[in-house]
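Since the structure comes first, as structure tokens, the remarks are kept for the end.
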Protein chains: 2
Amino acid sequence: MNELLSNCTLFKGISPREVLNIFDGIFYQTKFYEPRDIIAYQDDNVEHLMIVLKGITRGEMIDLNGKIVIIEEIESPRPLAPAFIFGQNNTYPVNIVSQTKTEILKIPKSELVKMMQKNDKLLVNFMNNISGRAQFLSQKLKFLSFHSIKGKFAFYILNLAKNSNSNYVTLPFSQSKLAELFGVTRPSLSRAIRELHNDNIIRAEAKNIQIINTYELYEVMR
Amino acid sequence: MNELLSNCTLFKGISPREVLNIFDGIFYQTKFYEPRDIIAYQDDNVEHLMIVLKGITRGEMIDLNGKIVIIEEIESPRPLAPAFIFGQNNTYPVNIVSQTKTEILKIPKSELVKMMQKNDKLLVNFMNNISGRAQFLSQKLKFLSFHSIKGKFAFYILNLAKNSNSNYVTLPFSQSKLAELFGVTRPSLSRAIRELHNDNIIRAEAKNIQIINTYELYEVMR
DNA sequence: TCAGTTTTGTAACAATTGTTACATGTTGGC
DNA sequence: GCCAACATGTAACAATTGTTACAAAACTGA
């Protein structure tokens, strides 16, 4: 188990020997699930840190028509919903379902606190995990706050340009993938790109984009 | 200072005496700022936990037309951007500007780790803070993922109804506030409500809403 | 009660995006 | 070189939402 955990982001930089030491004197349990078993129900209280040791789980949401919307797959070794252990609303945001035969490590919240106080790397790793999630969501939210497709696209390629330090950028995905990423349809994205092109703000040829008028491109974002 | 900190969410449940103990042997500094001083620049590395001891600060974003968009005001005693100390992207998401005469407590990241290992309440409080932020953003994102105004409104009043355990709900805000919350315009929201009313899914009279067809209302959310 | 403010309802029109469908272009294996 | 699968460009039309404007209703303080 300790070798497995060493590969988990929560235990990054911690040797299997150190992991053993961290778990010394700590209450925990492991549980096994079959495919389609529900590991945790939406709105249930989160009282443990759960780590997928073996197998694959899936967070799914059921709208009341019975339609299942898959949210995310979590493969071993990864923690389940670590951002919902602490905070005001300690309930699972979605149902967690086992997809394969699965082994789950369960650590009570109070024991987790002890572990983090014992080992500073674990503490920082856990912080990194939750903070990273907050930052990811923050980015996503910022992105969604651009109302128009042109705005989203402008933001996107301006970021690409900033990272590559150039006015020439190459789209890393197909327009279909990008459209999906943006939450819009492919023809709509295509039209937005063409309009920016026709307005002489960018020059777009397939995946290669040249930013011609940086000021106007910022203006598009509003 | 320790009395002040006792009122800060990070030090909730920790007595002024305990606060003194936590700070024993810890490096920290306080800095003073005048109104309009920039306390931290967007994209600068976050290397300290900063806590507003006195005064009011403001997170602002400047789009390149020079237009300033106010994001959030932070009054003492509150931590600044605690969710950006750890994680992958340790940079301030926005400029932080002093609005009044301000006193800021700066604690290096490594010292913060020591403090949290020394005191489990501080550790849990910090976790609660950043987890709460992640949960808040998660909720907000879920909300924005409903594309239509009707969908957002349906989700909103179904939540109200769930909390009050009734099919009759009273909107707690004016339509203007609600529209702002939803990120849409007031007439558009008004129209959406009227259409749901005309379709006999709800009965809406001013702020009083009766849910007539729960199934259809879920359907609206898609 | 009354005037002024805020809230709500509503309508015409513009702008944006989705839907659907088809044509053209590109690429990798054979 | 040729075909099949995929990516991209484009167009007509529908649906949704924003914009602007105005009127009616509800609320508020003197």
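Just so we're on the same page: letters track the sequence lines, and every chain starts at 1.
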With sequence neighbours left out, what residues match B/V169 under side chain to side chain contact (heavy atoms under 4.5 Å, CB included)? B/I157, B/L160, B/A161, B/S164, B/I209

Please find the pair of heavy atoms, one from A/I39 and one from A/M50, that lie closest to each other, and give the distance. CG2-CE, 3.7 Å

Show each protein N/O and nucleotides 27-29 of chain C N/O combination with a separation under 3.5 Å, one pair to a line.
none

Taking CG from B/L196 and P from D/dT17, how many angstroms apart are they, rounded to a whole number? 11 Å

Tell me, please, which residues at least two apart from A/E103 pass side chain to side chain contact (heavy atoms under 4.5 Å, CB included). A/T30, A/F32, A/L53, A/K54

Touch check for A/K207, heavy atoms < 4.0 angstrom, all strands: base, sugar-phosphate only, or nothing? sugar-phosphate

Atom NZ of A/K152 and atom C1' of C/dG18 are separated, to the nearest Å, by 13 Å

Non-neighbouring partners of A/T91 that pass side chain to side chain donor-acceptor pair (under 3.5 Å), sequence neighbours left out: A/N89

Shortest non-hydrogen separation from B/P79 to B/T9 and the atoms involved: CD-OG1, 4.3 Å

Scan residues 122-132 of chain B for pairs that pass side chain to side chain donor-acceptor pair (under 3.5 Å), counting only residues two or more places apart or in two chains. none

What are the atom names and distances for every N/O pair under 3.5 Å that joins the protein to nucleotides 10-13 of chain C?
unit_1, atom_1, unit_2, atom_2, d
C/dT10, OP2, B/R194, NE, 3.3

Hits for side chain to side chain contact (heavy atoms under 4.5 Å, CB included) against A/E34, two or more places apart or cross-chain, chain-then-number order -> A/D37, A/K101

Looking at five pairs on each end of the helix from C/dT1-D/dA30 to C/dC30-D/dG1, what is the angle between the two axes, given to 10 degrees? 40°

Could you identify which residues of residues 168-175 of chain B place a heavy atom less than 4.0 Å from some atom of DNA chain C, listed by residue number, or say none? B/S174, B/Q175

Between C/dT17 atom P and B/I149 atom CD1, what is the distance in whole Å? 14 Å

Going by the rule side chain to side chain contact (heavy atoms under 4.5 Å, CB included), which residues pair with B/K177 if we only count those two or more places apart in sequence or in a different chain? B/F173, B/S174

Could you pull out all residues at least two apart from A/D43 that satisfy side chain to side chain donor-acceptor pair (under 3.5 Å)? none

Whole-Å distance between D/dT16 P and B/D199 CG? 11 Å

Looking only at non-hydrogen atoms, find the nearest pair between B/Y92 and B/Y41 and report the distance. CB-O, 3.7 Å

Just distance, no hydrogens or angles: give the donor-acceptor pairs under 3.5 Å from side chains in residues 186-194 of chain A, sequence neighbours left out.
unit_1, atom_1, unit_2, atom_2, d
A/S188, OG, A/T185, OG1, 2.9
A/S188, OG, A/R191, NH2, 3.4

Rounding to an integer number of Å, can you tell me how far A/E205 CD sits from D/dT8 C1'? 13 Å

Reading DNA chain D from 5' onward, which residue's closest nucleotide shows up sooner: B/S188 or A/A204? A/A204

Given atom CG of B/L189 and atom C1' of D/dG18, what is their separation to the nearest angstrom? 13 Å

Determine, using ring centers only, whether B/Y156 and B/F182 are less than 6.0 Å apart. yes

Between the side chain of B/Q210 and the main-chain N/O of B/I202, is any donor-acceptor distance below 3.5 Å? no

Write down the distance between CD1 (A/I193) and C1' (D/dA7), rounded to a whole number of angstrom. 12 Å

Expressed in angstrom and rounded to an integer, what is the separation of A/K150 atom NZ from C/dA15 atom C1'? 10 Å

Contact summary for A/L10 and A/I14, nearest pair of heavy atoms: O-CD1, 4.4 Å

